[in-house]
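Any value given below was found using the heavy atoms of this structure, including those in side chains, with hydrogens, waters and symmetry copies removed. Just so you know, residue 1 is the first one in the sequence shown, and it goes up from there.
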Amino acid sequence: MKRCLIITGGKLDLSFAGSFLGQETFDKIIAVDAGLEAVKALGLEPDMIVGDFDTVKPEVLAYYRRMEHIVWDTHQPEKDETDTELALLKAQATGCTEVVVLGATGGRMDHMLGNIHLLFPCLQKGMEAYILDRQNRIYLIDGERTFKRSEIWGKYISFLPLTEEVRGITLTGFKYPLHEKDIEIGTSLCISNELVGEEGAIAFTDGVLIVVESHD
């Protein structure tokens, strides 16, 4: 598995990020526009920097310009894709099979929602993609999944439909089980579920779900 870390320009808790990165290894690091300032604060050297750089301090840009190994993917501010989407496309193009995105939550709501939707083409192309912050791990699934208490991000596991409808949801090992239940966009039925033992599972027959593992 080839793992890629993307640090984008939303709000990022540096203490959380430092602790998380101290336990993880990545094959490639991509900095996205203003996320470059967080990259510098964390003492990282990215392999690639993507963006239009309209929100990055000039001294930070100058610091990384001196590093010859870095690949720069520069774009105009007026473009169809967000910088985060461009970074995800670069991760896919370089053969990454898993990507973790930091700095994709906690700022502008339009960007956060857009970032969650950007997980969908990753799912379609077979690349595991996760958005992380101190409280949440967000990803998409289109089929069965097992959850282990020792591995989930927090106490709560929520499921929200990304597609208009998700059919045949069965939850086992959860505080609130389901059996072959269909849900549509606009329901909160599957918010804040919990495991009752060390393991639980979800299965469904059609659709795509947003999964949010979280804690208070």
Side-chain angles (χ1 to χ4, degrees), residues 1-8 10-30 38 42-44 88 91 95-106 112 115-120 122-162 166 168-181 183 187-205 207-216:
M1 177 176 288
K2 186 176 181 181
R3 304 185 76 210
C4 178
L5 171 69
I6 294 176
I7 298 184
T8 189
K11 291 183 179 179
L12 179 60
D13 183 328
L14 292 176
S15 63
F16 153 72
S19 176
F20 170 75
L21 295 173
Q23 305 172 54
E24 301 286 334
T25 57
F26 293 91
D27 302 290
K28 184 173 290 294
I29 298 174
I30 301 177
L42 292 165
L44 302 175
L88 285 166
C96 293
T97 54
E98 179 183 341
V99 61
V100 171
V101 185
L102 301 181
T105 63
M112 188 178 76
N115 290 335
I116 293 171
H117 281 255
L118 289 176
L119 300 176
F120 184 58
C122 297
L123 179 72
Q124 289 179 306
K125 295 174 183 178
M127 185 171 74
E128 295 183 26
Y130 303 89
I131 291 173
L132 303 185
D133 61 26
R134 181 180 289 278
Q135 288 185 268
N136 308 281
R137 176 164 60 188
I138 306 167
Y139 55 98
L140 306 181
I141 58 174
D142 59 1
E144 61 185 40
R145 176 71 65 106
T146 299
F147 303 89
K148 297 181 179 180
R149 186 178 297 278
S150 60
E151 298 175 356
I152 59 175
W153 202 245
K155 176 181 179 181
Y156 304 107
I157 306 176
S158 297
F159 305 100
L160 300 95
L162 181 71
V166 181
I169 298 175
T170 295
L171 292 172
T172 55
F174 281 85
K175 182 177 181 179
Y176 306 107
L178 288 176
H179 180 68
E180 297 182 357
K181 176 70 174 179
I183 64 172
T187 180
S188 59
L189 176 66
C190 294
I191 297 290
S192 296
N193 216 328
E194 303 173 35
L195 296 177
V196 293
E198 294 304 310
E199 191 170 291
I202 186 171
F204 53 99
T205 56
V208 176
L209 285 169
I210 303 169
V211 182
V212 184
E213 301 173 2
S214 59
H215 57 84
D216 292 321

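Under a cut-off of 6.0 angstrom, the local environment of CD in Glu144 is sparse, with at most 12 non-hydrogen atoms contributed by other residues, nucleotides or ligands. Atom NZ of Lys2 has more than 12 heavy atoms from other residues, nucleotides or ligands within 6.0 Å. Environment of NZ in Lys181: sparse, with no more than 12 heavy atoms of neighbouring residues, nucleotides or ligands closer than 6.0 Å. Residue Phe16 places its CZ atom among more than 12 non-hydrogen atoms of other residues, nucleotides or ligands, all under 6.0 Å distant.
Looking at Thr146, its side chain never comes within 3.5 Å of a backbone N or O of Ala201 through a donor-acceptor pair. A donor-acceptor pair under 3.5 Å is absent between the side-chain atoms of Arg134 and the main chain of Asp13, judged by distance alone. When atom types are taken as modelled, the side chain of His179 and the backbone of Thr172 share no donor-acceptor pair closer than 3.5 angstrom. With hydrogens and angles ignored, the 3.5 Å screen pairs no side-chain donor or acceptor of Glu151 with any backbone N or O of Phe147. Checking side-chain atoms of Ser158 against main-chain N and O of Ser192 turns up a donor-acceptor pair under 3.5 Å. Within the 3.5 Å criterion, the main-chain N or O of Val208 finds no donor-acceptor partner in the side chain of Asp142. In this structure a side-chain-to-backbone donor-acceptor pair under 3.5 Å is missing from Thr8 to Gly103.
Rounding to the nearest 0.5 angstrom, the gap separating the CG atom in Leu14 from the OG atom in Ser19 is 12.5 Å. Between the SG atom in Cys96 and the CE atom in Met1 there is a gap of 11.0 Å [rounded to 0.5 Å]. For the atom pair Glu199 CD and Ile152 CD1, the distance stands at 11.0 Å (nearest 0.5 Å). In this structure, the separation between CG on Asn193 and CG on Leu171 is 6.0 Å, given to the nearest 0.5 Å. Rounded to the nearest 0.5 angstrom, Ile210 CD1 and Leu119 CG are separated by 8.5 Å. Atoms NZ and CG, on Lys155 and Leu195 in that order, are 11.5 Å from each other to the nearest 0.5 Å.
Closest approach of Val196 to Arg149, counting heavy atoms only: C-NH2, 3.7 Å. When all heavy atoms of Ala17 and Leu102 are compared, the pair lying nearest together is CB-CD1, 4.3 Å. Listed here is the closest heavy atom pair of Met127 and Glu98: CG-N, 4.0 Å. Across every non-hydrogen atom of Ile131 and Ala104, the tightest pair is CG2-CB, 3.9 Å.
At least one side-chain heavy atom of Leu178 sits less than 4.5 Å from a side-chain heavy atom of Cys190. Between Tyr156 and Asp216, some side-chain heavy-atom pair lies under the 4.5 Å cut-off. Proximity of Val101 to Asn115: side-chain heavy atoms (C-beta onward) are nowhere separated by under 4.5 Å. With contacts defined as side-chain heavy-atom distances shorter than 4.5 Å, the pair Arg145/Phe159 does not qualify.
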Take Tyr176 and Leu189 through the test side-chain contact (heavy atoms from CB on, under 4.5 Å) and record every step on the way to the result.
-> CA-CA 10 Å; Tyr176 306 107; Leu189 176 66; over 6 Å; no
What's the verdict on side-chain contact (heavy atoms from CB on, under 4.5 Å) for Ile7 and Leu44, showing C-alpha distance, side-chain angles and the deciding distance?
-> CA-CA 10 Å; Ile7 298 184; Leu44 302 175; 3.7 Å; yes
Evaluate side-chain contact (heavy atoms from CB on, under 4.5 Å) for Ile141 paired with Ile202, printing each intermediate quantity in order.
-> CA-CA 10 Å; Ile141 58 174; Ile202 186 171; 3.9 Å; yes
Check the pair Ile183 / Leu209 against side-chain contact (heavy atoms from CB on, under 4.5 Å), numbers first and verdict last.
-> CA-CA 10 Å; Ile183 64 172; Leu209 285 169; 4.2 Å; yes
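Considering only residues two or more places apart in sequence or on other chains, Lys125 meets the side chain to side chain donor-acceptor pair (under 3.5 Å) condition with Gln92. Shown here are the side chain to side chain donor-acceptor pair (under 3.5 Å) partners of Asn136, two or more places apart in sequence or in another chain: Asp133. For Glu128, the side chain to side chain donor-acceptor pair (under 3.5 Å) test picks out Tyr130, with sequence neighbours left out.
Partner Cys4 forms a side chain to side chain contact (heavy atoms under 4.5 Å, CB included) with one of Val100, Ile30, Asp27 and no other, that one being Ile30.
Ring orientation note: the planes of Phe20 and Phe26 are tilted relative to one another, at an angle of 30° to 60°.
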